[in-house]
Amino acid sequence: VFSKYERTGGRGLSLLMETTMSPTVIRLISDMKTRLPFMTVYRYDPLNDDNLRSALFSVSGRRVVPQYDYRDADVVVSLEHDFLAQSANSLVSSKSFADRRDPESSAMNRLYVFESNYSLTGAQADHRFRVWSSQIPIVLLQLVRALVSQGVSSLSGSVNNLYDTLKSPFVVPQSVVDEMAKDLIR
């Protein structure tokens with residue numbers, strides 16, 4: 001089969017694959033494109049970050065991929081995001097996060113994780129809470145409301161109105177969210 005496409009330079013040959021950051025896979029695809037210049041490569045990710053990329057484009061006017069540096073973060077809150085294993089830059093994220101996880105250091109960061117399934121990030125959490133994926137927006141609203149009540153923002157009316165409109169019960173005990181909010185503003 002390969003020799004057929006080699007004779008035509010790859011005309012009619014398409015390769016469908018997920019996005020990869022693997023240098024080995026990228027090199028292999030590049031080598032194939034050298035041998036089969038007319039081969040078409042399509043990328044498709046059934047679970048993707050199109051919404052994130054679209055939002056970043058609307059804010060910056062550029063197509064960018066976020067790269068997070070956790071070395072300066074004293075507190076990290078992860079909402080259903082396994083940033084240590086499942087993000088495009090998980091190796092970089094893991095390294096920068098681990099730089100602040102020395103228990104002998106007084107500057108060790110803290111990690112709060114809210115997730116529906118156990119993850120590598122959840123395994124590293126100082127405080128892990130199992131919640132349904134559908135409850136993540138309510139957890140976020142609880143946190144924003146706690147931050148507002150501690151004077152972080154002037155959105156109190158909007159946040160309280162939205163919270164009252166949802167009429168959702170607390171997903172996590174409010175005392176936990178209040179402590180997390182205090183931790184974030186220190």
Side-chain angles (χ1 to χ4, degrees), residues 1-102 109-141 143-144 171-172 184:
V1 174
F2 191 75
S3 61
K4 169 189 166 187
Y5 289 109
E6 231 174 3
R7 286 192 300 270
T8 65
R11 280 189 180 80
L13 177 63
S14 297
L15 177 64
L16 176 63
M17 60 184 289
E18 290 183 331
T19 300
T20 181
M21 299 296 276
S22 165
T24 303
V25 172
I26 292 169
R27 183 182 48 79
L28 288 170
I29 299 297
S30 177
D31 291 351
M32 284 180 68
K33 288 288 287 177
T34 301
R35 290 179 67 188
L36 306 168
F38 298 106
M39 176 183 75
T40 308
V41 179
Y42 296 98
R43 287 179 171 56
Y44 175 74
D45 296 297
L47 302 174
N48 58 54
D49 57 2
D50 289 349
N51 289 341
L52 173 65
R53 290 174 191 248
S54 177
L56 289 171
F57 180 77
S58 69
V59 169
S60 69
R62 299 181 333 192
R63 303 230 177 263
V64 295
V65 176
Q67 294 188 13
Y68 305 106
D69 185 352
Y70 296 96
R71 288 176 294 196
D72 293 331
D74 293 327
V75 179
V76 177
V77 177
S78 174
L79 301 170
E80 193 77 309
H81 180 57
D82 187 8
F83 66 89
L84 295 177
Q86 298 296 320
S87 65
N89 296 312
S90 59
L91 190 59
V92 173
S93 294
S94 295
K95 169 74 172 97
S96 70
F97 179 74
D99 285 347
R100 291 285 308 278
R101 295 300 282 180
D102 180 5
N109 62 15
R110 282 166 310 292
L111 174 61
Y112 294 86
V113 174
F114 298 87
E115 62 186 0
S116 59
N117 293 309
Y118 205 59
S119 69
L120 182 60
T121 303
Q124 299 299 313
D126 299 299
H127 308 280
R128 180 188 178 271
F129 301 92
R130 186 177 180 274
V131 297
W132 296 107
S133 292
S134 60
Q135 295 173 317
I136 292 294
I138 299 166
V139 172
L140 178 59
L141 188 55
L143 177 58
V144 170
V171 174
V172 201
L184 283 165

Task: Sole residue of V172, I138, L184 in side-chain contact (heavy atoms from CB on, under 4.5 Å) with L143 - done: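 Only one option passes, and that is L184.
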For a quick test of reading the model, state the closest non-hydrogen atom pair linking [X] to [Y] and the distance between them.
| X | Y | result |
| --- | --- | --- |
| S22 | T20 | N-OG1, 3.0 Å |
| S119 | G122 | OG-N, 2.9 Å |
| F38 | T8 | CD1-O, 3.9 Å |
| E6 | L36 | CA-CD2, 3.6 Å |

Treating [X] as the side-chain partner and [Y] as the backbone partner, does any N or O pair qualify as donor plus acceptor under 3.5 Å?
| X | Y | answer |
| --- | --- | --- |
| S78 | V113 | no |
| R128 | A125 | no |
| T40 | S14 | no |
| S60 | L56 | yes |
| S96 | D69 | no |
| R100 | R71 | yes |
| S94 | L84 | yes |

Gap between atom [atom2] of [Y] and atom [atom1] of [X] - 0.5 Å precision:
| X | Y | atom1 | atom2 | answer |
| --- | --- | --- | --- | --- |
| M39 | T34 | CE | OG1 | 9.0 Å |
| K33 | L15 | NZ | CG | 9.5 Å |
| E115 | H81 | CD | NE2 | 11.5 Å |
| Q135 | F129 | CD | CZ | 13.0 Å |
| F57 | R62 | CZ | CZ | 11.0 Å |
| L13 | Y5 | CG | OH | 5.5 Å |

Open item on the list: Checking I136 now: which residues fulfil side-chain contact (heavy atoms from CB on, under 4.5 Å) with it, not counting sequence neighbours?
Closed with: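 L79, E80, F114, V131.
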TODO: Applying side chain to side chain contact (heavy atoms under 4.5 Å, CB included), run through V41 and M32 and close with a yes or a no.
DONE: CA-CA 10 Å; V41 179; M32 284 180 68; over 6 Å; no
Open item on the list: For H127 and Y112, take the angle between the two ring planes, folded into 0 to 90°, and tell me which bin it lands in: parallel under 30, tilted 30 to 60, perpendicular over 60.
Closed with: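 Plane angle under 30°, so parallel.
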TODO: In sequence, state the C-alpha distance, the side-chain angles, and the governing distance for Y44 and L16, and then conclude on side chain to side chain contact (heavy atoms under 4.5 Å, CB included).
DONE: CA-CA 7 Å; Y44 175 74; L16 176 63; 3.9 Å; yes
Task: Where at least one partner belongs to residues 84-99, residue pairs that pass salt bridge (Lys or Arg N to Asp or Glu O under 4.0 Å), sequence neighbours excluded - done: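 Found K95-D99.
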Task: Greater than 12 external heavy atoms within 6.0 Å of D72's CG - done: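 No, because the 6.0 Å sphere around CG of D72 holds 12 heavy atoms or fewer from other groups.
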Open item on the list: Is it true that, when you exclude L91 itself, more than 12 heavy atoms of the residues, nucleotides or ligands shown sit nearer than 6.0 Å to its CG?
Closed with: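 No, CG of L91 has 12 or fewer neighbouring heavy atoms, counting only those of other groups under 6.0 Å.
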TODO: Check the pair F97 / L111 against side chain to side chain contact (heavy atoms under 4.5 Å, CB included), numbers first and verdict last.
DONE: CA-CA 10 Å; F97 179 74; L111 174 61; 3.7 Å; yes
Open item on the list: List the residues meeting side-chain hydrogen bond (donor to acceptor under 3.5 Å, both in side chains) with R101, not counting sequence neighbours, and say none if there are none.
Closed with: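 By the side-chain hydrogen bond (donor to acceptor under 3.5 Å, both in side chains) rule, R101 matches N109, D126.
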